[in-house]
Amino acid sequence: MEVRETGIDGVLMFVPRPYRDDRGLFTRTFDAAVGARRGVVFGEHAQDSQSRSATGVLRGLHGRLGDGESKLVRVSAGAVLDVVVDARPGSPTFGRHVSAVLDDHDFVALWVPAGCLNGFQVLRGPADLQYRIDRPHDPSEDVAVRYDDPDLGIAWRPGEPVLSQRDLAAGSWEQLVERLRRP
């Protein structure tokens with residue numbers, strides 16, 4: 001398994017080497033020893049979650065305040081454009097974003113550190129995303145930023161996305177930055 005830097009401090013791509021033959025394929029989707037060498041340690045991870053979304057659905061940008069949550073994200077069916085925004089005050093890459101295509105062919109997993117926002121747009125659905133999360137979810141810490149915020153300038157794929165009411169009502173990047181500055 002190869003680990004690649006992404007340009008955002010602490011956001012890593014875990015790239016497996018699927019074995020394919022006439023029966024299908026086998027791949028390791030994560031290796032704790034490889035992750036630990038790069039600072040990705042779950043210990044007793046708190047939660048595994050899954051979402052299923054149709055083509056065109058866009059979810060995000062979502063994150064957590066307080067201690068946040070770190071998560072390993074991968075796609076087991078379909079394909080998505082996954083975006084991570086660094087929302088960690090004091091980070092050398094604060095306010096920057098990276099994107100990666102996650103799909104059911106290459107099985108790349110993306111490590112999203114606590115304090116980052118995450119969202120995805122389904123390119124080929126239905127898309128099943130698996131999340132391995134390092135702490136229990138606390139809804140009182142939830143934050144959301146509009147996917148199309150001009151201050152972030154994320155290059156989503158063309159077309160009108162299918163959005164939830166929560167994502168349509170999400171605040172701006174500027175509002176989140178102001179909130180993060182409060183003691």
Counting C-beta onward and ignoring hydrogens, is there a side-chain heavy-atom pair between [X] and [Y] closer than 4.5 Å?
X	Y	answer
V73	L129	yes
V143	L117	yes
L61	L152	yes

Do E174 and S172 have side-chain atoms, one donor and one acceptor, less than 3.5 Å apart?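 Absent: no donor and acceptor within the cut-off.
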
Could you tell me whether the side chains of S53 and R59 share a donor-acceptor contact shorter than 3.5 Å?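 Yes.
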
Approximate separation, where rounding is to 0.5 Å, of [X] [atom1] and [Y] [atom2]:
X	Y	atom1	atom2	value
E69	Y131	CD	OH	10.5 Å
R132	K71	CZ	NZ	14.5 Å
L25	R23	CG	CZ	10.0 Å

Which pairs with one or both residues in residues 105-122 pass side chain to side chain donor-acceptor pair (under 3.5 Å), sequence neighbours excluded?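 Applying side chain to side chain donor-acceptor pair (under 3.5 Å) to every pair that reaches into residues 105-122, excluding sequence neighbours, yields D82-N118.
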
Just to verify, which of S49, S51, S76 counts as forming a side-chain hydrogen bond (donor to acceptor under 3.5 Å, both in side chains) with Q130? S76

Would you name the heavy atoms of I154 and V83 that are closest together and state the gap between them?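 Minimum heavy-atom separation between I154 and V83: CD1-CG1, 3.7 Å.
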
So which atom in V108 and which in R74 form the shortest heavy-atom distance, rounded to 0.1 Å?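 In this case the closest contact between V108 and R74 is O-CB, 4.0 Å.
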
With P89, which residues qualify under side chain to side chain contact (heavy atoms under 4.5 Å, CB included), at least two apart?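 Side chain to side chain contact (heavy atoms under 4.5 Å, CB included) check on P89 returns F94, L180.
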
